[in-house]
2 protein chains.
Amino acid sequence: MANDSVLMPFKDRDHAHQSCLEKALDQAVKNCESSGVRLTPLRRRVLELIWGSHMPVKAYDLLDQLRDEKIGSAPPTVYRSLDFLLEEGLIHKLQSLNAYVGCGEPLKHHTSQFLICRDCGEVAEMDDPDIQQVLSRKAESLGFQVLDKTIEIQGLCEKCIAG
Amino acid sequence: MANDSVLMPFKDRDHAHQSCLEKALDQAVKNCESSGVRLTPLRRRVLELIWGSHMPVKAYDLLDQLRDEKIGSAPPTVYRSLDFLLEEGLIHKLQSLNAYVGCGEPLKHHTSQFLICRDCGEVAEMDDPDIQQVLSRKAESLGFQVLDKTIEIQGLCEKCIAG
DNA sequence: AATGTAATGTTATAATATAACAAATTTATC
DNA sequence: GATAAATTTGTTATATTATAACATTACATT
Ligand SMILES: [Zn+2]
Ligand SMILES: [Zn+2]
Ligand SMILES: [Zn+2]
Ligand SMILES: [Zn+2]
């Protein structure tokens, strides 16, 4: 079973996360250069903080961390950065958690489907053509024009089931 | 194409909504009787207010209406009723809107997929086996145990496209 | 350097939701 | 029916998530 559709799988706790972080930042730099937008130090730092793990991060937790570092200080600081990163497709918002995760494939804009583990809190990101197709077909058959999709599956990841 | 999977389609503005409301309340009474739980006047009224239309309703709008009627008065009043109605499967929460809609098929608990029109604000509810299956299969192929699904498609309904 | 635009700072407030405890109501038991 | 237990609702306070409005700073263009 080819799983190209999994953009960001569940990760082992001891995986080399530094490379996830570096890859994400490299891609963000490229992405912003080619879009002609500015990945300022603040925006870059917010992205780094979000990529601190594969768990969704809350806006006010980001704010606390920024305050510790004497960067920014008020909600608009972090929400503006989040808006920027969302618009550039560098992060996603999980509507069912009011939290944010780094995008596993930021080079092209796309919609995703998320698997959210209720035990370990990690998130996996997919962009599965079969899922997209069945939803698109269904909407089309009802004369509905799709503009955006929110698809978030909550449950238990393989490792947490294994115990 | 048989569309049993559509539990609550988009409705014409001039449809006989009274019958939607009565059906929903009748089913709620039956549902609660068979579950041995109490559909108190407050809970019943909140359900009625939610069924005032096919548009999602916000918690604080419900609270304002209850205050006008001198029923309840504080956030916990409405949130408790919402929790009750959610647990009984009589309403659903739309995570992408922080708003609530009546369930189109409350006699059995189920997950749904929602189509949300950004123009008219109406919501259609589906429980489509093809959608459920493709998601379940995908999750299963990744060793993920599904506990809950959030599937909300935003776009334009047929009538709004027609203009 | 002067000007215009974009980004960030700052203060205040809006919108959504829950905690904790008291009072009232309903149900169960004697 | 009186009493006790459990459920529901009331009440006050607070937590959490997000935006509005306007001032200041940094950057880019001329
Ligand atoms: Zn990693
Ligand atoms: Zn897990
Ligand atoms: Zn109706
Ligand atoms: Zn519409």
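Both backbone and side-chain heavy atoms feed into the values below; hydrogens, waters and symmetry mates do not. Letters A, B, ... mirror the listed sequences (proteins, then strands); counts begin at 1.
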Is there side-chain contact between A/K159 and A/F10, with heavy atoms separated by less than 4.5 Å?
yes

Starting at CG of B/D61 and ending at C1' of C/dA17, how long is that distance when rounded to a whole Å?
15 Å

Taking only the side-chain heavy atoms of B/P76 (C-beta and beyond), determine which of D/dT11, D/dA20, C/dA7 contains the nearest atom.
D/dT11

Within the pair B/S73 and D/dT11, is there a side-chain N or O less than 4.0 Å away from OP1 or OP2?
yes

Answer yes or no: does a side-chain N or O of B/T77 lie under 4.0 Å from OP1 or OP2 of D/dT11?
no

Can you confirm whether the side chains of A/T150 and B/Q154 place a donor and an acceptor under 3.5 Å from each other?
no

Nearest-angstrom distance from the residue atom CG of A/L42 to P of C/dG9
6 Å

Would you call A/E69 and A/R45 a salt bridge, using N to O less than 4.0 angstrom?
yes

Under-3.5 Å donor-acceptor pair between B/Y60 side chain and C/dA14 base
no

To the nearest angstrom, the CG-C1' distance between B/L94 and C/dA17 comes to 17 Å

What's the closest nucleotide to the B/N98 side chain, out of D/dA21, C/dT16, D/dT11?
C/dT16

In whole angstroms, how far is the C1' atom of D/dT16 from the CD atom of A/Q95?
16 Å

Taking only side-chain N and O atoms of A/Y79, does any of them lie within less than 4.0 angstrom of OP1 or OP2 on D/dT19?
no

For the pair made of CG in A/L63 and P in D/dT17, what is the distance, rounded to whole Å?
12 Å

Closest to the A/R80 side chain: D/dA20, D/dC22, D/dT8?
D/dC22

Can you tell me how far C1' of C/dA7 sits from CG of A/L85, to the nearest Å?
14 Å

Nearest to side-chain heavy atoms of B/K93, which nucleotide of C/dA7, D/dA18, C/dA17:
C/dA17

Base, sugar-phosphate alone, or nothing: which one does B/Y100 contact when heavy atoms must sit under 4.0 Å apart?
sugar-phosphate

Check the phosphate of D/dT16 against A/K58, side-chain N and O only, distance under 4.0 Å to OP1 or OP2. Yes or no?
no

Under 4.0 Å, counting only non-hydrogen atoms across every strand here, what does B/R43 touch: a base, just sugar-phosphate, or nothing?
sugar-phosphate

To the nearest Å, how far apart are A/K70 NZ and C/dT10 P?
13 Å

Go through A/S96 and B/Q95 one step at a time and tell me if the side-chain hydrogen bond (donor to acceptor under 3.5 Å, both in side chains) criterion holds.
CA-CA 6 Å; A/S96 60; B/Q95 300 287 356; over 6 Å; no

Look at the side chain of B/P75 and decide which nucleotide, out of D/dT19, D/dT7, C/dA17, has an atom nearest to it.
C/dA17

Answer yes if the ring centres of A/H92 and A/F114 are under 6.0 angstrom apart, and no otherwise.
yes

Mind checking if A/R38 touches a base, just sugar-phosphate, or nothing, with heavy atoms under 4.0 Å?
sugar-phosphate

Whole-Å distance, B/L39 CG to C/dT26 P, equals 14 Å

A side-chain contact here means heavy atoms from C-beta on lying under 4.5 Å apart; do B/Q65 and B/V46 qualify?
no

